[in-house]
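Structure first, then comments.
In what follows, every heavy atom counts, from backbone to side chain, and hydrogens, waters and symmetry copies are set aside.
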Amino acid sequence: MREPTSRTIGAFALWTSSDLPGFGDQLISRLTERELLRRLPGWRATWYAPLGWTRPIPEDGGYVAAPLGDHGSERIEQIAASADASVLTPTFPLGAARADWLYPDGAAHSYFAEGLDPEAERTHPLISSCVRIADEPPVELVTALARQPYLTVRDRRSCDRLAAAGLSGDIPVVPHPALLLDGLVDAEALRTRTQHLRQLGVLPEDGSVVVVQSTELPLDAVRDFLAADHVVEMPGGLVLEDRLAVLQAASAVIATDEHVAAACAALGTPWALYDPTGEERWPALEFGSPKQIVERADRITDAISAGLRFSASSEHAKRAVATHFDRVAAAIEQAFAARGGDLTRRLADLAEENNALRHAQWRLRDRMLVERQKLADTLGEAWREVAAAKADAERARNELAMAQTQFRELRNEIDRLALDSRELDALRNTKLLRWSQPVREVYGKIKGS
């Protein structure tokens with residue numbers, strides 16, 4: 001009888017909010033997967049989200065997630081069996097009231113408030129990675145977080161809220177994962193995408209651009225302060241790569257959420273944060289200067305001035321995020337080993353197949369980028385032809401209007417001459433003109449002599 005062999009390929013699950021269209025919803029999910037797969041090569045990563053693929057959105061770029069489903073024993077068992085551990089990395093704050101829940105009532109709310117269940121988590125641990133905590137978190141959330149082997153938050157206010165709710169122990173505060181953005185999208189690809197966006201009219205064709213997330217700001221003052229050619233609102237409906245291209249192309253960005261600010265910090269784009277709610281500032285303080293963050297619109301130029309001096313994120317903050325993902329990967333490996341996995345062995349053919357598939361995916365994305373370039377060039381040429389046709393039509397309309405004006409003037413002149421001719425004929429037919437004919441002839445002879 002053949003002896004059972006230990007598993008050599010591990011799997012982890014990501015609980016995300018990638019079925020929402022927000023920039024951060026896509027950014028954090030993609031970065032978390034990339035950083036963990038860098039540390040766990042050849043592993044299988046599965047995405048879950050409250051609604052998952054039942055809520056398709058164009059902004060996800062083709063990265064789909066399975067729906068978490070109802071919080072019942074059968075579904076909990078399926079999720080626990082699908083992977084060795086789950087990493088929670090949503091953008092919405094854990095413990096938010098159902099009234100503030102971003103999904104239909106009941107859609108997977110319990111997973112993010114209660115976890116799986118104590119029995120399932122003995123063999124399938126949950127790890128909350130750089131999460132935020134809502135004000136006054138409920139008891140069931142605090143209890144679920146206490147069971148986790150590793151918990152981190154991305155702002156100090158979340159840490160204080162958990163401590164006030166009774167969660168003991170040191171809770172690490174880790175800066176926003178977007179600080180490790182470098183390399184998620186190739187720099188040359190970002191420049192190419194920027195060119196596409198200019199050709200497609202999403203960005204101005206030329207000149208410097210300031211990108212803002214809110215039109216409530218004094219845009220004229222911002223333009224004058226930065227001597228910018230254009231101020232544009234952050235475009236919606238774009239995939240993550242295109243949004244990153246917009247941020248990189250900007251001479252400065254005025255954000256209204258932590259995710260855009262963190263991405264700008266990683267890209268080296270000067271940024272300021274307009275935070276009228278007072279909530280977005282807390283994670284931004286972990287990678288930016290307090291002077292870059294304002295709650296009043298009339299102080300935004302002060303924040304921009306600070307952003308021009310403190311645009312780059314610190315290497316210390318980046319190292320803190322990298323160390324955090326080292327620890328998350330280690331916790332997942334421990335869960336894998338506890339379930340009978342062999343950390344010292346790998347199936348080379350499966351790992352090679354996994355790498356080949358990922359390489360093929362990147363090649364496919366490169367090909368799609370080239371195809372979009374061709375489409376953008378074709379559209380650009382068509383738009384130029386349309387613009388030229390419009391100009392020709394406008395000139396033709398002007399020439400027609402001028403010809404019509406000249407025709408009216410000519411018609412008026414003809415009418416006037418006809419009137420003069422009739423008056424002259426009438427004059428010639430008068431008795432006075434006939435009787436004066438001999439006198440006029442004599443006068444003509446005298447004058448000509």
Hey, can you tell me if F112 and W101 have their rings parallel, tilted or perpendicular (30° and 60° cut-offs)?
tilted
Got a sec, which pairs hit salt bridge (Lys or Arg N to Asp or Glu O under 4.0 Å) with one end in residues 52-62, sequence neighbours left out?
none
Do the charged groups of R281 and D275 touch, with an N to O distance under 4.0 Å?
no
Scan side-chain atoms only and decide if S158 and D155 contain a donor-acceptor pair under the 3.5 Å cut-off.
yes
Does NZ or CZ of R132 fall inside the cone over F92's six-membered ring, less than 6.0 Å from its centre and within 45° of the axis?
no
In short, salt bridge (Lys or Arg N to Asp or Glu O under 4.0 Å) pairs touching residues 190-213 with sequence neighbours left out are E188-R191, R193-D242
What residues, two or more places apart in sequence or in another chain, satisfy side chain to side chain contact (heavy atoms under 4.5 Å, CB included) together with E74?
Q78
Between the side chains of D25 and S18, is a donor N or O closer than 3.5 angstrom to an acceptor N or O?
no
Measure the spacing between CZ of R30 and CG of L244 and express it to the nearest 0.5 Å.
8.5 Å
Could you tell me if S128 and Q148 have a donor-acceptor pair between their side chains, going purely by distance under 3.5 Å?
yes
Side-chain donor-acceptor contact under 3.5 Å, T16 with W47
no
Measuring centre to centre across the rings, with the benzene-like ring taken for any Trp, is Y150 within less than 6.0 Å of H324?
yes
Using distance alone, with no hydrogens and no angle criterion, decide if T301 and R299 have a side-chain donor and acceptor under 3.5 Å apart.
no
Those residues at least two apart in sequence (or on a different chain) that pass side chain to side chain contact (heavy atoms under 4.5 Å, CB included) with E35 are R38, R39, L180, F325
Worked check of side chain to side chain contact (heavy atoms under 4.5 Å, CB included) between L88 and Y48:
CA-CA 10 Å; L88 281 68; Y48 289 100; over 6 Å; no
Applying salt bridge (Lys or Arg N to Asp or Glu O under 4.0 Å) as the test, list every pair that has at least one member in residues 209-218; sequence neighbours left out.
none
Contact list for residues 160-178, test side chain to side chain donor-acceptor pair (under 3.5 Å), sequence neighbours left out
R161-E279, H176-H259
Would you say the side chains of T256 and S214 form a donor-acceptor pair under 3.5 Å?
no
Taking the six-membered ring for Trp, are F287 and W271 ring centroids under 6.0 Å apart?
yes
Name the residue from E280, E295, E258 that meets the side-chain contact (heavy atoms from CB on, under 4.5 Å) definition with L273.
E280
